[in-house]
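Below is one structure, written out as structure tokens; the observations come after it.
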Amino acid sequence: MTIVNTQDPEVPKASSREWLGLAVLALPCLLYSMDLTVLNLAVPKLSAALQPTGSELLWIVDIYGFVLAGALIPMGVLGDRFGRRRLLMIGAAAFGCASVLAAFAPSVETLIAARALLGLAAATLAPSTLSLLRCMFLDPKQRTFAIGVWIASFSAGGTIGPLVGGVLLQFFWWGSVFLINVPVMLLLLVIGPRLLPEFRNPQAGRPDISSAAFCIAAVLTLIYGIKRIAEHGTDWTAATSIVASLLIGAVFLRRQRRLTEPFIDLDLFRTPAFSAALAINIVGFFVAFGSFLLIAQYFQLVIGLSPLVAGLWSAPSGVAFVAGAMLTPRIVNHVRPPRLIAICFVVAAMGFGLLTQTGTEHDLAVVATAYVLFSIALAPVFTLASDLIVSTAPPERAGAAAGISEMSSELGGALGIALLGSMVTMIYRGAMTGAVGGNLPGEAVEAARGTLAGALSMAEALHEPLGAALIHASRSAFVEAFQAAALASTAIALIAAAATALFLDRQPQPGPDIPAMSKGTAS
């Protein structure tokens, strides 16, 4: 690997203004992740107030993530062309307005529309903030630290979101969980223009609207199909959605090759380090998100913790993730980034391997320890992968690269939940088929084979000893499936470690460069 001299005196160091700007950029990142989870706590009060149908409730919860995922890449491209700070300010204003609309939504339809607008506004935040960091911190060591803070702010938002939301819901109505966004966005709008520089590509032409539409459609149909598999299993709707995504994606790629000024420069993907970093990001989020979901179920359905206690036991993993992200810049002073990524995947595999030792007893300490171990290990993976993605892209295309980076995170997480979740469902049903006998009523057998939650609910209505037997059988079946998913995650992490060590460690590491800047807008 080519080693870059990061102490080059010609590389400008960040001033106090850039460091204050980093603190400003952490604000929208906190809210970005908080809004992905905070609504879950408000569902009971929301349902009582607006009385949505089951389908409408799903749309209220899911529309934010769908629109967010679809718009990430187009928003990154728009930031390159029209100005990253400008797009961030527009997104912050829209996010604040949509939050107020959601908080006081008088109907289900209004709330769904507000959540969609929140997703669209949120899609401007991550690409704009990451691409601004790319141009604010030219020294590789400082940039790695800045991106570590950026990564940590997402984790912090996911950790404190449920806690803040729980406090608000204890005293106020369901819409109060949205109003916490407003003062933060107002603060960003006031101090952002004073501390954040403006960057854009001065040679960029007008964006191709058709390409943007194809990009959004391809991503949305792919994410929908994957989520459909996670929730309902493989069916014609999921298959049709994924096939449609592939066809639309093929049309999009063909159009990019024909355009004089393509919407996305496909040459980015011909850079080995860029493509490898994307793959690392996808794999990391695959094993992380799939495990997050399964551990939450294990805490509540196997061990029997309340949602609040389960959340408190999950908090150390969030702290570990923040710590891992913040320690990354210090570690890379002694270990080359590709080698550190490989080592971290090995440590993460140890954490997943520990999960294979869980049982139906109160293995709370084992699960919590494993959770902390793979969280602190994956944080440097995400930090360095994000750094490598934006660093290998030309400065004038940093916004597009940031959008692609965030899209890879969404894709990896969705795939992890869908595929690992499907594996757990298949193994669970197979184990329950032989566990439940003819002593149970027909509806109890069907419910028990469906999900662990369904089995536990049905067991409450049964007389002893049938109820206790069903609880033990269903929890044992879930643990068997949980262990298999943990074993699969262990193998995937080890394969990723080997591939990183063999391939990425041989690639040149990007060095510092001076970003393209729009004339008269860097202030």
Side-chain angles (χ1 to χ4, degrees), residues 28-29 31-43 45-47 49-79 87-128 157-158 161 165 174-182 184-185 207 209 212-228 230-231 237 241 244-245 248 403 406-407 409-411 413-414:
C29 298
L31 296 183
Y32 176 102
S33 53
M34 285 176 63
D35 264 53
L36 284 170
T37 58
V38 73
L39 185 63
N40 295 335
L41 295 172
V43 165
K45 284 190 174 183
L46 184 157
S47 299
L50 300 182
Q51 297 183 342
T53 65
S55 176
E56 289 173 336
L57 186 59
L58 285 176
W59 277 109
I60 291 172
V61 174
D62 290 340
I63 192 66
Y64 175 83
F66 280 144
V67 176
L68 169 64
L72 278 169
I73 295 177
M75 289 302 177
V77 174
L78 289 177
L87 184 65
L88 179 61
M89 295 299 104
I90 293 173
F95 200 89
C97 293
S99 297
V100 173
L101 179 62
F104 297 101
S107 66
V108 171
E109 293 77 12
T110 304
L111 181 56
I112 292 174
R115 287 281 289 171
L117 291 174
L118 277 170
L120 186 63
T124 69
L125 303 180
S128 295
W174 62 267
S176 62
V177 298
F178 294 108
L179 292 183
I180 57 178
N181 301 331
V182 177
V184 177
M185 288 305 173
I209 303 301
F214 284 133
C215 181
I216 293 173
V219 172
L220 284 180
T221 50
L222 178 61
I223 295 295
Y224 176 79
I226 294 172
K227 286 182 177 287
R228 175 82 183 183
E231 295 172 1
T237 301
S241 181
S245 171
I248 296 170
E406 285 302 295
M407 186 59 249
S409 303
E410 296 286 337
L411 179 60

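Sequential numbering from 1 along the given sequence is applied to the chain's residues.
- The two residues L179 and V100 come nearest to each other via the heavy atoms CD2-CA, 4.4 Å.
- Checking side-chain atoms of S241 against main-chain N and O of T221 turns up a donor-acceptor pair under 3.5 Å.
- Across all their heavy atoms, S245 and L222 have their closest contact at OG-CB, 3.1 Å.
- Listed here is the closest heavy atom pair of M75 and T124: SD-CG2, 3.6 Å.
- Remark: I248 CD1 to L220 CG distance equals 9.0 Å, nearest 0.5 Å.
- The minimum heavy-atom distance linking A116 with V67 is given by the pair O-CG1, 3.5 Å.
- Nearest approach of A103 to G175, heavy atoms of both residues: CB-O, 3.2 Å.
- The structure places CG of L118 at 9.0 Å from CG of L111, a figure rounded to the nearest 0.5 Å.
- Once rounded to the nearest 0.5 Å, the distance linking CD1 of I180 with CE of M185 reads 10.5 Å.
- Considering all non-hydrogen atoms of both residues, G91 and A121 come closest at O-CB, 3.6 Å.
- Remark: S99 OG to L117 CG distance equals 10.0 Å, nearest 0.5 Å.
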